[in-house]
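Computed from a predicted structure; not experimentally measured. First listed ligand is number 1; within each ligand, the first listed atom is number 1. By convention here, the first residue in the shown sequence is residue 1.
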Amino acid sequence: MTLVAGVDSSTQSCKVLVTDAETGRIVRSGRAAHPDGTEVDPEAWWQALCTAVADAGGLADVAAISVGGQQHGMVALDADGHVIRPALLWNDTRSAAAAAALTAEVGADAYAERTGVVPVASFTASKLRWLRDEEPGNAARVAAVALPHDWLSWRLRGYGPEGTSPLGPVLTELFTDRSDASGTAYWSAITNDYDRALLVAALGHDAVLPRVLAPGEAGGVVHPAALPTGGGSASIVVGPGAGDNAAAAFGLGATSGDVIVSIGTSGTVFAVTDSPSRDASGIVAGFADASGAYLPLVATLNAARVLDAVAGLLGVDYDELGRLALQAEPGAGGAVLVPWFEGERTPNLPDATAGLLGLTLANTTRSTVARAAVEGLLCGLADGLEAVRGQGVDARRILLIGGAAQNTAVQTIAAQVFAVPVLVPAPGEYVALGAARQAAWALEGVAPEWPLATAAGPASDHRPIIALQYAAARDTRAAELA
Ligand SMILES: Nc1ncnc2c1ncn2[C@@H]1O[C@H](COP(=O)(O)OP(=O)(O)O)[C@@H](O)[C@H]1O
Ligand SMILES: O=C(CO)[C@@H](O)[C@H](O)COP(=O)(O)O
């Protein structure tokens, strides 16, 4: 049996799956935590990757590996391959003003036309502009800009800072893939090329950018001395890797009619499409996918951690939070949580705060607050679904994934919020699975047809009151914050 490995270096943790290359059957797995915070030293991701690989039994018998990862994070390298400062992550909103400045200078229409996206705080270009303005000394030292998955793939291949890596700081050996490149706001999924003028507009000067591999293209091999556990043979192929959402779509084998809703640290709504999208409003990001197609996507900053916050407030665990939520009626008796705890990306309100609206003596109970939390986070994603549909996406069913998708109340209430059937694939790490499938593709030259994840769904039970009530509260909250 030939084995391949897939990695999900996500916001909160690193997960590794080792699978049968032919069938996708999971043979073993490992994981390790990432530090908290919206800026992180990439070295922590590398250490977590090493730990997760060891936890998954190492790579000695593995023939190929590919790395999926959180999108957009700014990994700025100097000419000696050192990381210049901790990476700003996709959920770090300090670059909001930089995003607005770039958009004003270039124009939203021009950005959408040239890159498929309009800058928001999350995108790499906005973070580079922030660096240029706030840390000019650091910006001047930037010799290359990579994304989390690019940098980890580079490290796996033995590259890194002088003296601490077997092959040293060969910046031109960095590679990425279409999906992650499309989240930079200086690459076009249509021309398949960087827009260097937009990089210079953001950073203030040109820099080495990772070569963009074709889907399924092999990017080299794991260096036998890169991992502390040893890399196994000298010929473990490294696949192109992908942004985590694209990797999940590839792992799920999503096709036309499928819309994926992922509830992890981020909330995302996305689909695989044959043609690119260009939304000059900036709500839908016109990303690329991992198979050579496109991935229109809406992301929210407030997803699974909304439940963490409210469970903490109520002093309960996830299961009890779910039980409480299901004790209340749909609409939570008029209580609405607009869950913008971390500011928000969609709608683009980076400085927003959350609001609990519509409280009365009658509805101020633990169960209505629990339900309002679940409804609020799902309604933000339902708005995302409408926006994605507005780009011509056919939504015949929703595939619900991510950490919080395992919560029974989230599943039940999703079937009340979305007017489209909701399916919950068997619990799994679909980003890592997609990366493993990519590894098999890079190894064998053909994308393997792995059996689709089995998925069961809550019965459709659409309750329009939830979204109607949320829309009114959302608009009220946005007006309060304006
Ligand atoms: N049963 C559950 N109910 C609600 N939330 C959950 C549950 N299990 C895990 N989570 C949440 O899922 C999140 C992790 O999801 P994951 O998709 O792995 O995140 P990421 O990819 O952003 O690192 C955590 O914030 C955790 O609180
Ligand atoms: O910013 C985006 C997508 O544009 C996020 O989806 C990140 O890619 C992080 O994902 P998770 O770690 O929450 O899965």
Determine, for D383 against R474, whether the closest basic-nitrogen to carboxylate-oxygen distance falls under 4.0 angstrom.
->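 Judged by the 4.0 Å cut-off on N to carboxylate O distance, D383 and R474 do form a salt bridge.
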Ion pair present between E43 and R155, side-chain N to carboxylate O less than 4.0 angstrom?
->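 Result for this pair is yes, salt bridge flagged.
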Mode of D244 contact toward ligand 2 - side chain, backbone, both, neither (heavy atoms, under 4.0 Å) |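 Side chain only.
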Does any N or O atom in [X] lie less than 3.5 angstrom from one in ligand 2, N or O only?
X	answer
S266	yes
W90	no
Q71	yes

Please list, one pair per line, the donor and acceptor atoms closer than 3.5 Å that link side chains of residues 29-37 to other protein atoms, with sequence neighbours excluded.
unit_1 : atom_1 : unit_2 : atom_2 : d
R31    : NH2    : S13    : OG     : 3.4
H34    : ND1    : S10    : O      : 2.7

Can you tell me if R323 and T408 form a side-chain donor-acceptor pair at under 3.5 Å?
->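 No, because no side-chain N or O of R323 sits under 3.5 Å from a partner of the opposite role on T408.
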Please report, to 0.1 Å, the donor-acceptor pairs under 3.5 Å made by any side chain of residues 287-297, with sequence neighbours excluded.
unit_1 : atom_1 : unit_2 : atom_2 : d
D289   : OD1    : S291   : N      : 2.9
D289   : OD1    : S291   : OG     : 3.4
D289   : OD1    : G292   : N      : 3.0
D289   : OD1    : A293   : N      : 2.6
D289   : OD2    : S291   : N      : 3.4
D289   : OD2    : S291   : OG     : 2.6

For T265, take its heavy atoms, then give the atoms of ligand 2 lying under 4.0 Å from any of them.
->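 Near T265, meaning under 4.0 Å from one of its heavy atoms, ligand 2 has 13 (O).
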Pair up each side-chain donor or acceptor in residues 259-272 with any protein partner under 3.5 Å, not counting sequence neighbours, and list the distances.
unit_1 : atom_1 : unit_2 : atom_2 : d
T265   : OG1    : Q12    : NE2    : 3.0
T268   : OG1    : N245   : OD1    : 2.9

Sole candidate of R345, E344, E342 that passes side chain to side chain donor-acceptor pair (under 3.5 Å) when paired with N302 =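 Among R345, E344, E342, the one that satisfies the side chain to side chain donor-acceptor pair (under 3.5 Å) with N302 is E344.
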Nitrogen or oxygen contacts under 3.5 Å, ligand 1 side and protein side:
unit_1   : atom_1 : unit_2 : atom_2 : d
ligand 1 : 3 (N)  : N407   : ND2    : 3.1
ligand 1 : 8 (N)  : G403   : O      : 3.4
ligand 1 : 15 (O) : G403   : N      : 3.3
ligand 1 : 17 (O) : G403   : N      : 3.0
ligand 1 : 18 (O) : K15    : NZ     : 2.8
ligand 1 : 21 (O) : S10    : OG     : 3.3
ligand 1 : 22 (O) : T265   : N      : 2.8
ligand 1 : 22 (O) : T265   : OG1    : 2.4
ligand 1 : 23 (O) : S10    : OG     : 2.6
ligand 1 : 23 (O) : Q12    : N      : 3.0
ligand 1 : 25 (O) : Q12    : NE2    : 3.0
ligand 1 : 25 (O) : D308   : OD2    : 3.3
ligand 1 : 27 (O) : D308   : OD1    : 2.7
ligand 1 : 27 (O) : D308   : OD2    : 3.2
ligand 1 : 27 (O) : Y318   : OH     : 2.2

